[in-house]
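Residue numbering restarts at 1 for every chain, and letters A, B, ... go by the order of the sequence lines. Worth knowing before you read on, the calculation uses all heavy atoms, side chains too, and leaves out hydrogens, waters and symmetry mates.
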Amino acid sequence: MSGNRSGTLPFVGTVLPLPGQVPNGITLVSPDDGGLAASVVSRWPDGSASVVVLAGVSPFSANETRSLRLQAQAVPATTALGAARVAQLLASVAVEMGALGRAELIDFSRPERLWWANAHTICARYRLTLPGGARLEAVIDVQAFSSAHALVEVVIENGSMNSAAPAKPSGVAYNAQVLVNGNAIGSGDTAAAPEAQHAAFRAWYAAGWVGGDPGTRCTQAHADLQAHPLLFKCDRAGGDMAAYANDAYVPFGAGRQRGAGMGAGGDHPSIGPLPLWEARFLQTGDARAARAVEASALSVLGYNVNYRDSTTGLVPTFEQLAGRSMQSNWPVTYGPNDRMSWEVAHHPAAGLMAFVARPSPVYIEIAQKVAVWNGTWSTYGGTATGVFGRPYQGRGRAWCMRSLGHAILLTPGDLPWRAAALSSLTANVTYLDGWRNDAKARLNASWGETAAIAQDSAPNRPGFQEPLWFHHYLTTELHKLAAARLLGGTQQAALDTLADWCALQPVRWVNEQGNGAWRYVPYMYTLGRDAATIDSMADYGQQSAWAHSDAPAAASGTWMSFPDYKADTFAQYTANPTAGAYYPSYLWAALVAAVERRVPGAATAWAAVNANLVNLSSWRDGFASDPRWGAVPRSN
Amino acid sequence: MATLLSKPINLVVQPASTAAQGWGDGGATGSVAGDVWTPGRNAAGVVNAASWNALPLNRWVQVGGTRLDAMDAVVKAAIPGWNDPGVEKWNGVTDAWNGMAIDPAGSRMWLKGGGHSASGNNGIYRFDALKMAWAIEDLPSPTAPWSTAYIGSRNGGSFTFCAESDAAAKAKIALGTLQAINDVFYDELFWDGKPTSRHTYSSMVYVPETNELVMVCRRLWRYSLSERRWTYKRQIRDQAAQFMSGENMVAIYDEATREVLVSAAGSEGIYRATGYNLTSNQWTNWGSPWNIYSGIADVRVGRRVVIVQAPQRKVSYGGTTGIYWDYDLDTRSVKANGQCQLADGLTQNDFAPDNWFYDSAALTYIPSKNRFWLFTLMASGKMELIEIDPTTTPWTARRAPGLTGAVPSPGKNLERKMVYLPLLNAVLICDNAGKDLSLYRF
């Protein structure tokens, strides 16, 4: 809402109820706004609502912030808006592409799909084939309201393929304008694109309001959101989000994502359970951070992740893509890494928090597209499409699992994409169980390559070197997925078992090193004595003693770290005074997961960490400015 | 009947953060006629989205109603009797080798200029691109108290130098009592202590964390945009005998270290480069890799700074085809450096000869095209827009192709007044106080 905006305005927001919180047959109402209307977008396996869109139309005064309490109530008998409402507000959506020509949609009575509809809003999908001889199309989502407002979102894609016989679209150059009811709402010049043309699998976005932007942002209270199993409770409050106040989407721009070198080494704010700006939105609920979340999620459209099945008009499912990978028979490009190219081991979360910031089918499909890109990148080593196998690295598996979970949560149950993605999740649990069941895994830690193939990360150093922080990434994400209970029955039980097994690693790390060696968290840990067979010792105390020729300075002290391949002595480590994107913080997040999972010994380990870190409070203050790993156990 | 949830859920409906897209949603569309755009604005003075969207893409337009000299009436209304004794008056604010501080995220720019005999106007003027309008950030000093001697700077002197302040400083130097911080110096007005007008080149930067402007020209000056006053002044490296004057200052704000890095060139000032940490208020040691005589233009590109010394026809002082430095602020190292190759018929002889000592080019970067635009002086005596392609080795310079509409033809002292604004995806040029701004929307 701009400073001078007031009047009767629409608002729409997302709520992510916990499993069982809003059972089937129950909806959400508000004692503070009797007109509030809800639509369930997707459900948990028990039938309760997992994603709900709430909309209202209310009088607002300028700059007003309003809190609405929600309550449960049997679904009332109300009449939802229909496609006719869209047609009342929209006369045309046109794309003018210069010499290529013009395409226009004028019939809004027959949407391809209704994403949600209630008494205050309807969200309808349309598509428009564009001129130019390429397989360009405009994917149009309209959110029309009971007030005289409608939000029109247009994604211009060049990725339409028959999944059964896929062929890569050609690139095309143009300078286009998108018009709604004759008024320009945005433009895209492919000269700005990485290839100076609209290359296959890239897309751009334009949006505009009919009736004027109401300027309202409606979000679930961030403290409530932090209870969601796929998210986390933030340890420290955030500061001023002014840095995000001016974030804005630019076609083919990378926003805050890594425009070049997504796979490059070192930290980047996009890396983590959530990108930094999304974590800060979770931390604060600040509308400016929400703005950054949206702008940089939309920037993902500029990456090579956009494809659409020409028969269904939707993002293809893993079932449709069975047996396909980019290295052989799925013609989606990967690389080069110098230009807005996706990469599995460092890729950001995108879609979920943007949908929390503002519900839009664009964000559902961004999450789906990312998950499909990850699942079709490689089947090297004989894994199935949708399984994050041998070349993915441990961290890649963590992020791919996370992104898959986000997409599953958002995807409506009536879309075949969801069932296929759940199968992919199950297959990945089975794949990861290979480590749990392998005799080499004496210390509850996973390693790179495959469960059967252990590859030493530093062959020139004694023993078997492994970045345990990959395992910490995996632990935090598997915990979230298990806690979210996305699966059912034996599949969920297997996921729970796997998550518990992973979470025992940070617990054992602390409890088995009573001399304080747990405070020493290196870049590479000597997980075993043998480069080929790993050959871990029986516990972390023995293993760390084998790897170092001296002893830790004291049982109590600060977090310590070592940034190189292997420290031969504890004396080589240096203090890590502030939490952030660094190895002790990754371990911290994994330990928080273990505490939340209540695995055996977790409480003891948590107490030891709290009792023996002499600067714990000031160290944790680092999570205020960088909350990506700054979780704290929820008392649930 | 409604019941409580097992865990509470609350919705927060709040104003959306709309500052960036920032356009108004009013109905006034203004007009575009003859390559002059007259913006339509809402009641708050913000340009309406409908007006912005009516702009043609990839074409130069003039933005009607954006002459800086329109501020004359505003200043005179606020300060009765105010009269700039400079020979160029408002044009001296823009033209006397003056550049802007830029807030790309806020689509704002600040200009403080004057200097030489051109203008004694020491106000700060802000251009809000979302309003397409000038505003007075800080009024100029009243002229009524000024001495005859200072007013006489118009006769070949410089309004930068205030003899009364200089005398006060020298008296303190003689007594050994002159302080490096917040004391008197020749570059402030004796009557109110504000900085005199001066050639700012690229010496002024915007610091978002503290919402202030920092100017490193003659001395280091800090202006709080929150308090709307000059809050701090300090001798360069705390030594009265050494000042960042000369010519062609380039100030860079490194937000990662909270340092202002500044280089200067020209015929005076031995401290041609230094750093200053805004948090610790300590001078830091920084050396500029482009430590050359003069003639450079600068632009920030993310965490990089790109410096270009414009091509010059070789006569007697070593003219080049244009030297570039691509400087990484994170590593504090030059990632690319070389001499441009000229393409598409452009030759070194097309540029101003090196014995003109030209130091007023402007440089900006257009991310969507991955090209730099350099507006520089040619042998014809007019400025032309040169496009530099950084994707080749060495970088390639050519005349900017396909320019249509009201293509600007600035006077020669453009400096850091050609600005790409990311939220607008457009370039704005502020040439002369007597002209409307030029705009090119991509």
Side-chain angles (χ1 to χ4, degrees), chain A residues 1-5 11 13 15 17-18 20-22 28-31 54 56 60 63-73 175 177 183-185 187 189 191-192 208-209 212-213 215-221 224 227 242-248 250-253 285-288 290-291, chain B residues 1-27 29 42-46 48-50 52-58 103-108 130 208-209 211 255 302 330 366-371 391 421-425 441-442:
Chain A
M1 186 183 308
S2 69
N4 60 346
R5 207 164 305 174
F11 59 90
V15 164
L18 306 176
Q21 194 175 16
V22 183
L28 292 171
V29 295
S30 174
L54 285 150
F60 284 89
N63 285 324
E64 178 184 355
T65 295
R66 184 179 301 178
S67 184
L68 303 177
R69 295 165 294 168
L70 298 183
Q71 294 180 333
Q73 180 178 286
N175 188 356
Q177 269 201 322
N183 300 313
I185 63 165
S187 60
D189 184 350
W209 283 87
D213 183 351
T216 53
R217 184 178 291 281
C218 173
T219 54
Q220 187 174 352
D224 299 345
Y244 299 124
N246 295 306
D247 276 28
V250 174
F252 299 114
D286 192 290
R288 295 166 295 182
R291 179 187 186 86
Chain B
M1 179 179 173
T3 57
L4 295 177
L5 295 164
S6 56
K7 287 180 182 292
I9 303 177
N10 294 282
L11 276 182
V12 177
V13 186
Q14 57 183 316
S17 174
T18 54
Q21 289 174 345
W23 302 116
D25 61 356
T29 57
N42 67 12
V46 178
N48 288 322
W52 176 250
N53 288 331
L55 263 182
L57 302 182
N58 304 317
D103 170 20
S107 303
R108 300 179 296 173
L130 293 173
E209 289 83 356
N211 195 32
E255 57 278 351
D330 289 323
I366 298 103
S368 59
K369 292 184 173 297
N370 192 19
R371 295 289 185 274
T391 65
L421 292 173
L423 302 183
L424 279 63
N425 193 19
R441 183 184 173 193
F442 298 95

Problem - Atom pair CG/CG of B:Asn58 and A:Asp189 - distance to nearest 0.5 Å - result: 5.5 Å
Practice task
Give, for atom CG of A:Leu68 and atom CG of B:Asn10, the distance between the pair rounded to the nearest 0.5 Å.
Solution key: 8.5 Å
Completion exercise
In short, A:Val250 meets B:Pro422 closest at the heavy-atom pair CG2-O, 4.2 Å
Practice task
Taking side chain to side chain donor-acceptor pair (under 3.5 Å) as the test, write out the residues that go with B:Asn211, two or more places apart.
Solution key: B:Ser226
Problem - Smallest separation among heavy atoms of A:Cys218 and B:Val13, with atom names - result: SG-CG2, 3.9 Å
Handout entry: Closest non-hydrogen atom pair between A:Ala248 and B:Leu423, with its separation
Key = CB-CD2, 3.5 Å
Exercise for the section: Pick one of side chain, backbone, both or neither for A:Phe11, based on which atoms fall under 4.5 Å of a heavy atom in chain B. Expected result: side chain
Problem - Which atoms of B:Arg371 approach chain A - backbone, side chain, both or neither, heavy atom under 4.5 Å - result: neither
Handout entry: Contacting region of B:Pro104 [heavy-atom separation from chain A under 4.5 Å]
Key = neither
Fill in the blank from the handout: Pair count under 4.5 Å, heavy atoms only, with chain B: among A:Ser187, A:Pro31, A:Gly56, A:Ala192, highest is A:Ala192
Fill in the blank from the handout: Given the options A:Asp224, A:Val15, A:Thr219, A:Leu28, B:Leu11 meets side chain to side chain contact (heavy atoms under 4.5 Å, CB included) only with A:Val15
Practice task
Identify, with sequence neighbours excluded, every residue that meets side chain to side chain donor-acceptor pair (under 3.5 Å) alongside A:Asp286.
Solution key: A:Arg288
